[in-house]
Amino acid sequence: MALSFAQSTLFSKPSLFLSRNGFPNLAVSLSLSCFSTSAAVSSDNNRGHKWRQPAASVEHGGVKIAKDDVVRDDPTNNVPDTIFSKLGLQLHKRDQHPLGILKNAIYNYFDTTYPNKFDKFDDLCPIVSVKQNFDDVLVPEDHVSRSYNDTYYVDSQTVLRCHTSAHQAELLRKGFTHFLVTGDVYRRDSIDSTHYPVFHQMEGFRVFNPDDWEASGMDGTSYAAKDLKKCLEGLARHLFGAVEMRWIDTYFPFTNPSFELEIYFQENWLEVLGCGVTEQEILKRSGKTNNVAWAFGLGLERLAMVLFDIPDIRLFWSTDERFTSQFSKGQLGAKFKPFSKFPPCYKDMSFWINDSFTENNLCEVVRGIAGDLVEEVRLIDNFTNKKGMTSHCYRIAYRSMERSLTDEEINDLQWNVREQVENKLNVVLR
């Protein structure tokens, strides 16, 4: 089985974005506002937590985003302060950051292989409409990814994009036919070394005209699939060297046929990306009735963790010079050297759950209090008693990547976590 870790793109499993990868947004000369509609949500009380409060506004793609437009006390909003504080940081635009180095290496491949062919977008606003995020890429109305448990809603019609594909339809309508879109994406998720609620994706998209495939004697779908595989096999060699590869047939609602590319790297099969020939309905809605197209999506963190030997996804957000100084522009695959061996501290918490309880909601509460000091939240025991009441026991691992935590600090965090879990999730502590 291939290793599948960290967030991937829209092209991946389990969710539909299905494990975690992605696609595009508005930008460059598109001059689109960050907001499709108004915004909303509640902020977490970080009592006892010495984190800097998010600024009153941030700038993203030249657009100023006010905190009050994203984080409000509104029942249709579930964006916490900790998520707002990540808006505008755009790690993928930093040339000396692992994500920026990887993005530029992929750009280099496309610039060399397809000179002056692909338009690039990496400064697009992550606040999009529900239509852009779901409807335009054929996500079913009843799909779990639309739930408040999985997605950050600004209001009932506006979300923080779950994938860069949220802007695919907009770019097609604007006349772009070959493009790469890179950006920060947002999903409510579990807490461990490979998952984080903010991560980065790149989508590639290419449209073909009948003239492109008719001379080949192939039908459009077969021609596009062959071209797609050739393109992505070249990209894999560009990033990983002369590795063994294999294609896995899979299912995505927005492409048919659909594939996953795996490479044999460091004695394991690694899922690199998902891709496929774009569903005709997507092209038809953009006025391209006689065309075919391919698309792929990849998660930058997923690949960077492998290429740079980065063991914990939280490190990508570190400003510690012991981390940032290890990477230089253009140096793909420089191996990370750990600079701390601080031990984790484990705290267990048991409670009776209710019908509305979800693990994602628990992780949001814990992350809102402990921030990046929480390394993992893991279910270690559960049972149902004779009265039909179900108990869960979670083990929370606290560890800083940069310093030792004091017993007093950890106890204070855990006390606040227990209090907020009980109050916000309406569970009964045991």
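For Glu409 and Tyr398, the side-chain atoms include no donor-acceptor pair closer than 3.5 Å. For the residue pair Thr158/Ser129, the side-chain donor-acceptor check at 3.5 Å is not satisfied. There is a side-chain donor-acceptor pair under 3.5 Å between Asn361 and Arg188. Side chains of Asp95 and Asn104: a donor on one and an acceptor on the other come within 3.5 Å.
His200 and Phe316 have their aromatic ring centers separated by at least 6.0 angstrom. Phe240 has its ring centre less than 6.0 Å from the ring centre of Phe265. For Tyr152 and Tyr148, the distance between ring centers is not under 6.0 angstrom. Phe336 and Phe308 have their aromatic ring centers separated by at least 6.0 angstrom. Within the 6.0 Å centre-distance limit, the rings of Tyr223 and Phe208 are counted as a close aromatic pair. The distance between the ring centers of Phe121 and Phe176 falls below 6.0 angstrom.
Classified by interplanar angle (parallel below 30°, tilted 30° to 60°, perpendicular above 60°), the ring pair Phe296/Trp294 is tilted.
Salt bridge annotation for Lys131-Asp136: present, with a cationic side-chain nitrogen under 4.0 angstrom from a carboxylate oxygen. Ionic pairing of Lys86 and Asp184 is not present here: no N-O contact between side-chain nitrogen and carboxylate oxygen is shorter than 4.0 angstrom.
Judged by distance alone, with hydrogens and angles left aside, the side-chain atoms of Thr112 form a donor-acceptor pair with the main-chain N or O of Asn108 at under 3.5 Å. With Ser325 contributing its side chain and Glu321 its backbone, the two residues share a donor-acceptor pair below 3.5 Å. With His163 contributing its side chain and Asn133 its backbone, the two residues share a donor-acceptor pair below 3.5 Å. For His92 (side chain) and Asp122 (main-chain N/O), a donor-acceptor pair under 3.5 Å exists by modelled atom type. In terms of modelled atom types and a separation under 3.5 Å, the side chain of Ser328 and the main chain of Gln331 share no donor-acceptor contact. The backbone N or O of Tyr153 sits nowhere less than 3.5 Å from a side-chain atom of Thr151 that would complete a donor-acceptor pair. Judged purely by atom type and a 3.5 angstrom limit, Ser222 has no side-chain atom pairing as donor or acceptor with the backbone of Asp219. No side-chain donor-acceptor contact under 3.5 Å links Asn416 to the backbone of Ile369.
For the salt bridge (Lys or Arg N to Asp or Glu O under 4.0 Å) condition, the pairs that include at least one residue of residues 221-230, sequence neighbours left out, are Arg206-Asp227. Legend: salt bridge (Lys or Arg N to Asp or Glu O under 4.0 Å) pairs involving residues 331-351, not counting sequence neighbours, sorted by first then second residue: Asp348-Arg395.
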Chi angles and distances behind the side chain to side chain donor-acceptor pair (under 3.5 Å) call for Asn360, Thr358: CA-CA 5 Å; Asn360 278 357; Thr358 70; 5.9 Å; no
Residue pair Phe199, Tyr186: steps toward the ring pair (Phe, Tyr, Trp, His ring centres under 6.0 Å) verdict: CA-CA 7 Å; Phe199 52 105; Tyr186 300 78; 8.4 Å; no
Working for side chain to side chain donor-acceptor pair (under 3.5 Å), residues Ser258 and Thr250: CA-CA 5 Å; Ser258 302; Thr250 189; over 6 Å; no
Residue pair His143, Phe134: steps toward the ring pair (Phe, Tyr, Trp, His ring centres under 6.0 Å) verdict: CA-CA 9 Å; His143 197 274; Phe134 297 118; 8.5 Å; no
Chi angles and distances behind the side chain to side chain donor-acceptor pair (under 3.5 Å) call for Asn291, Asn209: CA-CA 5 Å; Asn291 304 92; Asn209 297 312; 2.8 Å; yes
Test side chain to side chain donor-acceptor pair (under 3.5 Å) applied to Trp269 and Glu244, step by step: CA-CA 9 Å; Trp269 282 103; Glu244 183 181 354; 5.8 Å; no
Derivation of the ring pair (Phe, Tyr, Trp, His ring centres under 6.0 Å) call for Phe179 and Phe205: CA-CA 5 Å; Phe179 51 83; Phe205 202 94; 5.2 Å; yes
Full working for salt bridge (charged side-chain N to carboxylate O under 4.0 Å, His left out) between Lys93 and Asp123: CA-CA 8 Å; Lys93 296 192 67 178; Asp123 202 14; 3.6 Å; yes
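The salt bridge (charged side-chain N to carboxylate O under 4.0 Å, His left out) search around Asp320 returns Arg322, not counting sequence neighbours. A search for salt bridge (charged side-chain N to carboxylate O under 4.0 Å, His left out) contacts involving Glu281 returns Arg285, not counting sequence neighbours. When the side chain to side chain contact (heavy atoms under 4.5 Å, CB included) test is applied to Arg314, the partners found at least two apart in sequence or on another chain are Tyr196, Asp312, Asp372, Glu375, Met401. For Glu359, the side-chain hydrogen bond (donor to acceptor under 3.5 Å, both in side chains) criterion is met by Tyr394, not counting sequence neighbours.
Residues Glu279 and Asn256 approach most closely at OE2-CB, 3.4 Å, considering heavy atoms. Heavy-atom minimum distance, Leu180 versus Gly204: CD2-CA, 3.7 Å. The nearest pair of heavy atoms linking Ile410 to Cys345 is CD1-CB, 3.4 Å. The shortest heavy-atom contact between Ile282 and Leu172 is CG2-CD1, 4.4 Å. Considering all non-hydrogen atoms of both residues, Leu99 and Ala304 come closest at CD2-CB, 3.9 Å. A pairwise comparison of heavy atoms in Leu373 and Arg403 identifies CD1-NH2, 4.2 Å as the closest pair.
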